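Read through the structure below, which is laid out as structure tokens, and then see the notes.
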Amino acid sequence: MLTNPAARYRSFAPVQISERAWPDRQLTSPPVWLSTDLRDGNQALAQPMSIAQKQRLFKLLVDIGFKEIEVGFPSASQTEFDFVRQLIEQDLIPDDVTIQVLTQSRESLIRRTFEAVKGAKQAIVHIYNATAPHFRRIVFNKTQAETVELATAAAQLIKDLADAQPETDWRFQYSPEVFTSTELAFAKEICDAVVEIWQPPAGLAVADRKAIINLPASVEVSLPNVFADQVEWMHRHLKWRDRITLSVHNHNDRGTATAAAELGQLAGADRVEGCLFGNGERTGNVDLVTLAMNFYTQGIHPGLDFSEMDAIADVVKDCTQLPIHPRHPYVGELVHTAFSGSHQDAIRKGFAVQDPNGIWEVPYLPMDPADIGRSYEAVVRVNSQSGKGGMAFLLERDYGLALPRGLQIEFGQAVQQAMDAHSSQDQATEMSSAKLWQLFRQTYGIETTVKQQYLRHRLEPMEEEAARTGAESQHIQVWLQDSGETYSLEGTGNGPIAAFIDALALPIHVIAFEERSLTRGEGAEAIAYVQLQETTSGQIQYGVGIHHNIVTASLLAVLSAIHRLNQNGELTLEIPLLNGDSVTGQTAIAT
Ligand code: KIV
Ligand code: ZN
């Protein structure tokens with residue numbers, strides 16, 4: 001890069017406009033939309049679309065709800081010409097859709113264009129010529145007067161050709177190409193001259209007006225507020241303003257096409273031309289999906305339907321052979337996903353209180369992904385940035401686990417360790433909810449990793465004891481299996497867990513216990529969480545048990561916690577099992 005870029009680049013001169021109105025306006029209704037995917041978008045493809053691809057994309061655009069579609073540049077190639085003919089001859093254009101065709105302002109090309117659209121119920125013929133000073137000077141070597149002459153001759157010719165084909169309902173469009181770099185007074189002069197020829201009738205609604213003046217940011221050269229000033233200047237000064245539809249056509253060279261098109265609407269534009277997902281020359285045409293969804297998320301229906309966003313994206317990707325960036329607004333595969341722990345935590349809390357019929361207020365999610373046909377699957381994904389919130393969210397959402405806070409912290413460490421182990425082996429560090437669930441079951445010995453397998457239990461109230469002490473008392477007998485042998489233990493306590501702890505006769509006590517239902521309906525399972533402390537070392541661990549019998553679930557949770565204490569500490573808590581005999585109240589600690 002140059003140390004002094006001013007030696008090569010000029011800053012854009014501000015527009016001389018007083019008391020600009022656009023900063024105080026608000027967008028309250030969508031513009032008339034024109035999709036130029038099949039023309040400007042197609043022109044920019046390394047491999048332009050085949051007729052079959054164009055037909056598929058045309059159908060998609062119709063299904064989305066576009067009423068104006070620029071279908072091609074029929075004088076530019078036989079494919080373009082044939083495609084337009086097929087649309088008309090095969091009657092593929094719905095009555096409420098108007099096709100638009102582009103032509104340069106040259107007689108032979110204009111005549112060929114009229115041949116292409118012959119028989120259309122309605123059509124917009126779009127002419128353009130370059131008006132910017134460096135184009136006039138460098139590319140065309142034309143004066144301003146010669147440039148106006150070119151445009152007006154073309155305007156007259158299309159009017160005459162249209163008059164000769166009255167079976168079609170015609171509209172005409174003129175674009176002063178590279179409007180953004182054209183002197184405003186000259187842009188006005190040439191647009192006025194063209195519209196003067198067309199003599200559009202008064203009193204028509206914006207969408208039906210017979211003349212469209214389209215202001216292309218063929219190259220985006222300034223801040224979007226400057227573009228807005230340019231549009232407002234034209235809006236105020238154009239001679240036939242109330243008889244024309246004022247349109248903008250933004251390219252995205254500075255990455256601000258969306259802002260420019262939005263500010264352009266504030267400044268007076270009635271119509272916007274662009275492409276789905278911002279396809280188009282160089283950095284693309286303005287992205288109509290972003291613009292439309294920006295209306296939607298302000299509570300204004302854009303008149304375009306993106307309820308099946310991913311299916312729409314698939315068709316566009318297929319037809320254009322271009323990928324969509326994973327962070328592309330509204331459609332990218334990551335745009336409704338949070339990896340960061342604090343974001344996930346906020347989202348989880350937001351979902352918990354979100355009224356399904358109320359105003360959308362989930363933190364970090366500017367819209368409900370369901371509105372564009374997405375599930376909540378991708379909203380929270382867990383990687384090494386995520387902390388405990390994300391994994392708790394996934395386990396709750398997909399497996400119905402409401403983990404106690406202490407267990408979230410404890411299991412969060414296990415998740416982190418598993419991810420660190422993966423990343424040190426250069427493996428992907430994302431944890432799907434299925435992987436988390438597997439790690440959870442493994443960590444808490446939910447299947448087979450507990451040394452002593454629970455077999456069955458018998459629980460009996462001790463009525464005499466209860467009568468004597470005035471407190472509830474229960475007796476438990478638990479059968480366990482270890483290395484193929486069956487053992488049983490017996491104990492008493494004021495509940496099944498206390499009785500089992502008594503039977504185990506280990507230096508442990510219960511710090512916390514929670515029990516929840518895991519699934520609903522028939523075959524519902526209970527999940528028990530028990531937090532145990534080993535009294536001599538002070539070590540604490542959670543254990544988890546899952547069973548359809550709630551007592552069994554809590555006994556399993558106790559065994560799981562003992563297994564975890566043994567696994568994570570310096571301890572070996574040996575359950576004192578005596579073959580064939582019942583063991584009551586004995587303790588054995590091997591260190
Ligand atoms: O970007 C542009 O200037 C164009 C015109 C033909 C409207 O695509
Ligand atoms: Zn363009």
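When a residue number appears, it is its place in the shown sequence, counting from 1. All figures in this text were calculated on a predicted structure; none of them were measured in a lab. Indexing begins at 1, ligand by ligand and atom by atom, following the structure's order. Both backbone and side-chain heavy atoms feed into the values below; hydrogens, waters and symmetry mates do not.
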With distance as the sole criterion, is a donor-acceptor pair present between the side chains of Gln122 and Glu68 under 3.5 Å?
-> no
Between Asp82 and Gln86, do the side chains contain an N or O donor and an N or O acceptor separated by less than 3.5 Å?
->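 The criterion, which ignores hydrogens and geometry beyond distance, is not satisfied for Gln86 and Asp82.
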Any nitrogen or oxygen of [X] lying under 3.5 Å from a nitrogen or oxygen in ligand 1? Just yes or no.
X: His249; answer: yes
X: Ser218; answer: yes
X: Glu273; answer: no
X: Asn214; answer: no

Does Glu281 put an N, O or S atom under 2.8 Å from the Zn ion (ligand 2)?
->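 So Glu281 does not bind the Zn ion (ligand 2) by this criterion.
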Only one of Asp287, Ile324, Ile372, Thr290 clears side-chain contact (heavy atoms from CB on, under 4.5 Å) with Val331; which?
->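 Of all the options given, the one that passes is Ile324.
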Look only at the side chain of Gln344 and the backbone of Gly390, and say whether a donor-acceptor pair between them is shorter than 3.5 Å.
->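 Here the side-chain-to-backbone pair exists.
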Minimum non-hydrogen distance to atom 8 (O) of ligand 1, winning option of Glu177, Arg39, Glu281 |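 Answer by nearest heavy atom: Arg39.
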If you measure from the Lys or Arg side-chain nitrogens to the Asp or Glu carboxylate oxygens, is any gap between Arg136 and Glu146 under 4.0 Å?
->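 Glu146 and Arg136: not salt-bridged.
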With ring centroids as reference points, do Phe66 and Trp33 lie under 6.0 angstrom apart?
->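 Phe66 vs Trp33: aromatic centres not under 6.0 Å.
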Considering just N/O/S atoms, say which atom of His251 is closest to the Zn ion (ligand 2).
-> NE2
